[in-house]
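Atoms considered below: every heavy atom in the structure, side chains included; atoms not considered: hydrogens, waters and symmetry mates. Within every chain, numbering begins at 1; the chains are lettered A, B, ... in the order of the sequence lines, protein sequences first and strands thereafter. What you see is a predicted model; the values in this text were computed from it and never measured.
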Amino acid sequence: MEYNPRQIEKKWQNIWEEEGAFEPSADHHKRKKYILSMFPYPSGRIHMGHVRNYVIGDAIARYYRKQDWNVLHPIGWDAFGMPAENAAIKHNLHPKKWTYENIDYMRKELDSLGLSFSKTREFATCNELYTRWEQEFIIKMFESGLLYRESTVVNWCEPCHTVLANEQVEDGCCWRCGTQVVQKKMPGYYIDIVKYADELLGDLKLLEGKWPQQVLTMQSNWIGKSVGLNFKFALSDDSIARLGGEFDGFSVFTTRADTIYGVTYAALAPEHPIVKQLLKLGAVADAPQIEAMAQMTERERAQAPKEGYALGIDALHPLTGEKVPLWCANFVLASYGGGAVMSVPAHDQRDWEFAQSYHLPVKQVIQGDMSSGAFTLSGTMMGSGEFDGMDSVEAKAKIIGLFEAKKLGQAEVNFKLRNWGVSRQRYWGAPIPFVHCDSCGLVPEKVENLPIVLPDDVVITGEGNPLQNHPTWSHCHCPQCGKEATRETDTLDTFVQSSWYQLRYATDPQKWRTEGINKADANYWLPVDQYIGGIEHAILHLLYARFFTRVLRDLGMCDIDEPFDRLLTQGMVLKEGAKMSKSKGNTVDPDQLIAKYGADTARLFVLFAAPPQKELEWNDSAVEGAFRFIKRLYDRKTKATFRDLPQIDHSMLSSESKEARAKTYEALRKSTEVYENSFTFNTLIAACMEALNALDKQSDPAVWSEGIYILLNLLEPIIPHVVTELSDELFGRANLSGAIALKDEVFVQDSITLAVTINGKKRTEIVMPSDASEAEILASAKEAGTKWLEGMSIIKEIVVPAKLVNFVVKPS
RNA sequence: GCCCGGAUGGUGAAAUGGUAGACACAGGGGACUUAAAAUCCCCCGGCUAUUGCAGCUGUGCCGGUUCGAGUCCGGCUCCGGGCACCA
C-alpha cells in the first residue's frame, strides 16, 4: 500500500483523542515532566514560528511519555492584547468575537499537526475565570504594598485623545492620524519588581547550564546592578537665589567615586525638577531647545548626538568646594540615578565626548594614557589631594567612607531595572480591580465581587478609552463606604497574564472555579522541566514570569521560586531576512504544507532544517526531501519480517550488515543526548537517514527488522502518525514504550583509518588494525608519507588515537 | 545609541582544538518507462592540471595563540533579536 498521510494522520489523531492519550495522571507519586511551549497570541492563523515552537515541545513531551513519565504538556491562548482592538478599529469586529474565532481556527490548525496537548487544561486568558484570580492577585499585591499608583510620561496623541504604544508611534507621529505624538504625564499602576531585583539577579546563578548563557547575560545586564556612592551636590548661594529658594542641591549617583576630584561639570536630565524650575521661572537661555529635548523619547535621545545646554547655575564640589557648572544634557536618563550625574570627562567616555563638543575642561585624576579619549580603567590616583598615589580601587572605598563619615553621602546600590508599569488605557485587557472614591481614595474591589468583567457593548474607534467612553460601566459604589464612586478604567498589561499561566495549567481544571492556583498541584508539577519559546522573549516575559512567580510564592500561593527549570530558546523563523510577524505580514502559511505533504512531513522538515536554537531562514523547496524520507521508511515495512527485536550474532554478519547495525545503534546512542540535552534534532534525523541508507545496502532480514524496530522508536516523537501506524502493524506498538538497550559489540571495529598530516596539513591516510600500537602506527605513517618526508627532518611526532598522526618537519 | 547573538558550497546544514562540507535540497548525468511521474545508481566548494596519479586554495574580514583553529583570544564588517505600552 502506498504511503497515505491524510488517512494515517486522521486515523491516529482520532484514536489518540478517543483514548485521551495525552492527559496527565493525577497521581502525584509518579515521576513527572512538565513540558511547556510558550502559548500563542491568537493572531488569526498559525505561522512557521508556531509550528517550530510546538513541534519541538511535542517531540520532547512524546519522548518522555514514551519513557513512562507522567507528562503535562498543555496549550492555551494569550488572548488579551492590542491586535484585537486594532481589528475592531479597522474591521468593526468585536475584540471578543475576533479573538474567539481566531482561537477556534488556530486550534484546528494546531490539531492538524498531531500535537500531544492535554486538552482538558486549555484556556484563554480573556476568560473571566482567569481574570477573576488575576484580579485577586493584584489586590493582594496592593495590600502588601507591592503595587502602587504613580504618574509617569506616556505617548499621547491629542486628536485621538489616547495613549499610544511605542509600536503605534511611527517616526514620532500617531499611526492613525499622523499627528506629532507628545510626552504626557499620566497616572498608572506599578509593581515593585526592583524590590526583587537582587533575588532575580542572584538566582540567575541557579540557572547556569540550564538556560542559554545568552539569556542569563541579557537578564543580568537588564537588571543592571551597580554599587556606588550617592551624594548631594549643594548649589551655590547665587544659584539658590536664581531658583527662587526652592532648591538647595540635588543628589547624584556614581560608580566611580574614585574620580570625584576629576569632576568638571554636572549634568541634569531635561525632566529634572531643577531644570523644570528654571523653565518655569524663565531663567534659562535655551528653554525651547531643552523643552524639545524633553519631548524626545529615551531611545530617540540615545540615538541622537550628545547635546546639552549650560544652565547658568553652579553646584559646589563636595570635597573641594569649587564651583561646578550645571548643564542639561540629553544623555542623562530621568529614570536612573535621580536624573543627575557628576561628569568626569577624563575617565568616562560619554563625559569626554560631551566635554569635547562643548569645550569643557578635562581634569585627569588617575594616571593612564589619555591620547585616544577617556582613561576608564583603574590606576594610581593623582590630583586628588590626600588620595594621591593610592590605587584607585582602594581609593574608591576610602572616598565612600569619607563621604559617609562626613555625612555627605552614602554607599548605594542602583539598578537599571525599573518598576513594572502594568496599566494600559485600553479595552481588551483584564480590568484593574480598583475604585476611586472621593472619600476613601483608591480602594480595591471586594474579593467576593470579582471578577470585574468588561462590558460587551462598547464602540471601539481608536479615539479615547472605550471603558471611559462607556456611559455606565465605570459608575459604582465604594466597596469601603458605599458612596457613589468611579471604577478604574485602566486594564492590565498582557504580560501579567503570561506571568502565571504556567501555574494555572498545573492546577487541576476541576478546581479552576474555586482556586486560582492549587498549591499541591503546583508544587507537584512546577517548575516547568522544559520551557520552549522564542529568543525574543529573553528579557521581558521571562523576567516578569520569574518575578510574578516569586510574588505569588510570598503571597502563599505556591512554594516555587523559579518557574522554568530549563529553557530552550528557539531561533526565529525569518523570511526575507526579517522576523515573520503579524505586524510585518511576511508570514508563510503552514496549512498548505500540511495539506500537500501531511503533518509528519511538516514536523520532520521543521526539525531537520536547522538546529532549534538557530535562526531559520524560510525556504520551501527543502520539504521534498523530508517527504521522500518518510515514504522510503514506509516502503521498507515489508523488510521487517520479525515481529519483535531479533537476536543477532554480530560476528556472523556481512560487513554491510555490520555497518548497518553500527549506524542504527549510533542513531540510538545519539537520541538520548538529543532528546534530553542538545535538542539538535537535525543531527538525529540525519543519523536515522544514514542508518536507513546503510540498511538498504544489505539484505539480512534480522538486521532489517532490528533496524526498523529501533528507527521507529527513535522517530516516534518526530513523526508520530506514520511511526505509530507502522509500529502497530509490524510490532503491535511494542517498540514504542520504554528505552532500547545499546549493544556495545556493534561499535567494535576491526580496523581504523587515520589521517597522516604533515605540519598540520592532511597528506594521506593509513588503515591500521584497531589494536595497533603507537610505534606501528608511526612506522606505517612514515612509510605512507615518504613522498612528503624526503629531505625533511622530523622535529615532533603526534599521534591522536583513532584520529590522526601529525609530523612536524623542517628541511634538513 | 546601549545589551545579546549570528556568518561554513548554488541552498539548509554537519564537525569533544585533530581528515571541513556528514545528512539533505537544488543542479547535472545514467537506468527503468511508449512517455511522464515515482523509484534506483553515479557526479557535485573553487582554481589549476590531466591519459592517469595529483597540486594549490577555501569556514565574513584583519591579526594572535597552537604541532594543528570553522572551533580559543583581540580588533573590525555585515545581518538579526531586545530596549521596558507589540506579544
Side-chain angles (χ1 to χ4, degrees), chain A residues 2 38 40-41 43 78 80-83 86 154-155 163-169 188 193 212-215 217-222 224 298-306 331 335 350 416-426 493-495 498 534-541 543-544 569 571-572 574 577-579 581-583 605 608-611 613-619 621-626 628-629 631-632 635 680 682-683 685-690 693 696 753-765 795-798 800 802-809:
Chain A
E2 262 224 346
M38 290 178 186
Y41 178 80
S43 52
D78 189 13
F80 277 135
M82 233 174 32
N86 294 346
V154 293
N155 301 312
V163 176
L164 297 176
N166 290 335
E167 192 188 53
Q168 297 172 315
V169 180
I193 187 173
Q213 188 54 49
Q214 174 191 4
V215 176
T217 306
M218 281 194 265
Q219 292 221 347
S220 172
N221 291 344
W222 185 260
E298 241 172 51
R299 195 166 341 160
E300 283 168 344
R301 289 185 221 178
Q303 267 152 0
K306 286 178 184 46
F331 63 81
S335 57
R350 199 183 42 190
K416 281 209 191 86
L417 182 68
R418 306 207 289 256
N419 278 340
W420 178 13
V422 291
S423 47
R424 300 289 180 269
Q425 293 69 39
R426 301 229 166 73
D493 179 8
T494 57
F495 275 126
S498 56
I535 184 68
E536 68 271 26
H537 297 293
I539 296 175
L540 294 181
H541 161 62
L543 191 63
Y544 289 145
T569 47
M572 302 226 226
L574 305 178
K579 173 183 177 177
S581 71
K582 48 196 175 287
S583 54
F605 165 72
F608 184 56
Q613 294 86 345
K614 212 182 153 180
E615 282 174 354
L616 171 56
E617 173 67 36
W618 177 255
N619 168 6
S621 73
V623 184
E624 203 68 45
R628 240 177 279 175
F629 173 70
K631 207 154 62 163
R632 272 180 68 205
D635 290 345
T680 51
N682 55 328
T683 62
I685 294 163
C688 290
M689 287 174 169
E690 282 190 66
N693 291 344
D696 256 334
T753 303
L754 292 110
V756 177
T757 64
I758 291 161
N759 288 342
K761 193 188 214 39
K762 187 194 169 190
R763 289 302 180 179
T764 186
E765 288 180 350
I795 301 165
K796 201 169 173 184
E797 295 168 341
I798 295 153
V800 182
K803 294 272 187 196
L804 57 73
V805 179
N806 187 29
F807 295 115
V808 184
V809 302

### Task
Remember a base hit wins even if backbone is also touched, and classify A/Val154 as base, sugar-phosphate or nothing at under 4.0 Å, heavy atoms.
base

### B/G9, syn or anti by chi within 90 degrees of zero
syn

### Task
Let me know the distance between NZ of A/Lys614 and C1' of B/A15, rounded to the nearest Å.
13 Å

### Task
Whole angstrom is fine here: how far is it from CE in A/Met218 over to C1' in B/G6?
12 Å

### Message
Distance check, C1' atoms only: B/U59 and B/G27, in whole angstrom units.
### Response
23 Å

#### Entry: Any N/O donor-acceptor pair, A/Arg299 side-chain to B/C2 base, under 3.5 Å
no

### Message
Rounded to the nearest 0.5 Å, what separates atom CD1 in A/Ile798 from atom NZ in A/Lys803?
### Response
15.5 Å

### Query
Which whole number of Å gives the distance between the C1' atom of B/G81 and that of B/G30?
48 Å

### Message
Once you apply a heavy-atom cut-off of 4.0 Å, does A/Lys306 come out as touching a base, just sugar-phosphate, or nothing?
### Response
nothing

### Message
B/G68, OP1 or OP2 - any side-chain N/O from A/Thr757 closer than 4.0 Å?
### Response
no

### Task
Round to the nearest Å and state the distance from A/Gln219 atom CD to B/C2 atom C1'.
17 Å

## Note on the structure
Against the side chain of A/Phe495, the closest entry in B/C67, B/A87, B/A13 is B/A87

### Message
Distance check, C1' atoms only: B/U8 and B/C78, in whole angstrom units.
### Response
16 Å

### Query
Can you name the nearest heavy-atom pair linking A/Thr683 to A/Thr680, along with the distance?
OG1-O, 2.8 Å

### Message
Taking the minimum atom-to-atom distance to the side chain of A/Asn806, which one of B/A84, B/U19, B/C67 wins?
### Response
B/C67

### Query
To the nearest 0.5 Å, how far apart are CD in A/Gln168 and CG in A/Asn155?
9.0 Å

### Message
Nearest 0.5 Å, please: how far is CG in A/Leu417 from CD1 in A/Ile193?
### Response
5.0 Å

### Message
As an exercise, state the distance from CZ of A/Arg418 to CH2 of A/Trp222, rounded to the nearest 0.5 Å.
### Response
7.5 Å

### Query
When you measure from the side chain of A/Lys631, which nucleotide among B/G81, B/A87, B/A38 comes out closest?
B/A38

### Task
For A/Phe495 and A/Val422, run side chain to side chain contact (heavy atoms under 4.5 Å, CB included): C-alpha distance rounded to whole Å, both residues' side-chain angles, the deciding distance at 0.1 Å, then the answer.
CA-CA 8 Å; A/Phe495 275 126; A/Val422 291; over 6 Å; no

#### Entry: B/U66 to B/G12 separation - C1' atoms, rounded to the nearest Å
33 Å

### Task
Using heavy atoms to find the nearest nucleotide of RNA chain B for A/Lys761 and A/Ile798 separately, return the residue whose nucleotide is more 5′.
A/Lys761

### Task
Assign A/Arg763 to base, sugar-phosphate, or nothing according to its heavy-atom contacts below 4.0 angstrom with the strands shown.
sugar-phosphate

#### Entry: Inter-residue atom distance A/Tyr41.OH - A/Thr494.OG1, 0.5 Å rounding
8.5 Å

### Task
For B/A84 versus B/A14, give the span between their P atoms, rounded off to a whole number of Å.
33 Å

### Query
Hey, where does RNA chain B pair up into stems, meaning at least three consecutive Watson-Crick or G-U pairs with distances under 3.5 Å?
B:1-7 with B:77-83, B:10-12 with B:23-25, B:27-31 with B:39-43, B:45-48 with B:54-57, B:60-64 with B:72-76

### Message
If you apply the rule side chain to side chain contact (heavy atoms under 4.5 Å, CB included), what do you find for A/Leu754 with A/Val800, and how did you get there?
### Response
CA-CA 9 Å; A/Leu754 292 110; A/Val800 182; over 6 Å; no

### Message
Does A/Gln425 reach a base, just sugar-phosphate, or nothing at all? Heavy atoms under 4.0 Å.
### Response
base

### Task
With heavy atoms under 4.0 Å as the rule, sort A/Pro611 into base, sugar-phosphate or nothing.
sugar-phosphate

### Sugar-phosphate, base or nothing in reach of A/Asn221, heavy atoms under 4.0 Å
sugar-phosphate

### Message
Nearest whole Å is fine: how far is B/G5 C1' from A/Trp222 CH2?
### Response
17 Å

### Message
Classify A/Leu417 by what it touches in the nucleic acid, base, sugar-phosphate, or nothing, heavy-atom distance under 4.0 Å.
### Response
base

### Query
A/Leu164 CG to B/C86 P: how many Å, rounded?
11 Å

### Task
Report the distance from atom CZ of A/Phe629 to atom P of B/C25, rounded to the nearest whole Å.
11 Å

Give me, pair by pair, the N or O atoms of the protein and of nucleotides 21-24 of chain B that are less than 3.5 Å apart, along with how far apart they are.
residue: B/A22; atom: O2'; partner: A/Glu690; partner atom: OE2; Å: 3.3
residue: B/A24; atom: OP1; partner: A/Asn693; partner atom: ND2; Å: 2.7

### Nearest-angstrom distance from the residue atom CD of A/Glu300 to C1' of B/G1
12 Å

### Query
With a non-hydrogen cut-off below 4.0 angstrom, is A/Glu298 in contact with a base, only sugar-phosphate, or nothing?
nothing

### Message
Between A/Asp78 and A/His541, is the side chain to side chain contact (heavy atoms under 4.5 Å, CB included) condition met? List the steps.
### Response
CA-CA 12 Å; A/Asp78 189 13; A/His541 161 62; over 6 Å; no

### Query
When all nucleic acid strands are considered with a 4.0 Å heavy-atom cut-off, which category describes A/Gly421: base, sugar-phosphate, or nothing?
sugar-phosphate

### Message
With rounding to the closest Å, how many angstrom separate the P atoms on B/U77 and B/G18?
### Response
31 Å

### Message
Once you apply a heavy-atom cut-off of 4.0 Å, does A/Thr753 come out as touching a base, just sugar-phosphate, or nothing?
### Response
base

### Query
What do the steps show when you test A/Ser498 against A/His537 for side chain to side chain contact (heavy atoms under 4.5 Å, CB included), and what is the final call?
CA-CA 11 Å; A/Ser498 56; A/His537 297 293; over 6 Å; no

### Integer-rounded Å distance: B/U16 C1' and A/Lys803 NZ
8 Å

## Note on the structure
Picking from B/C85, B/G80, B/G12, the nucleotide nearest the side-chain atoms of A/Glu615 would be B/G80

### Query
Do A/Thr569 and A/Gln214 pass the side-chain hydrogen bond (donor to acceptor under 3.5 Å, both in side chains) test, and can you show the C-alpha distance, the side-chain angles, and the key distance before you say yes or no?
CA-CA 10 Å; A/Thr569 47; A/Gln214 174 191 4; 4.9 Å; no

### Task
Using the P atoms only, state how far B/G64 lies from B/U48, rounded to an integer number of Å.
30 Å

### Message
Among A/Ile758, A/Ile795, A/Asn759, exactly one meets side-chain contact (heavy atoms from CB on, under 4.5 Å) together with A/Phe807. Which residue is that?
### Response
A/Ile758

### Query
Taking the P atom of each, how far is B/U16 from B/G70, in whole Å?
14 Å

### Query
Is it true that atom NZ of A/Lys306 has more than 12 heavy atoms of other residues, nucleotides or ligands lying nearer than 6.0 Å?
yes

### Query
What nucleic acid atoms does A/Ala609 come within less than 4.0 Å of, heavy atoms only: base, sugar-phosphate, or nothing?
sugar-phosphate

### Task
Please work out if A/Ser423 contacts a base, only the sugar-phosphate, or nothing of the nucleic acid, heavy-atom cut-off 4.0 Å.
base

### Task
Please work out if A/Val163 contacts a base, only the sugar-phosphate, or nothing of the nucleic acid, heavy-atom cut-off 4.0 Å.
base

### Task
With heavy atoms under 4.0 Å as the rule, sort A/His541 into base, sugar-phosphate or nothing.
nothing

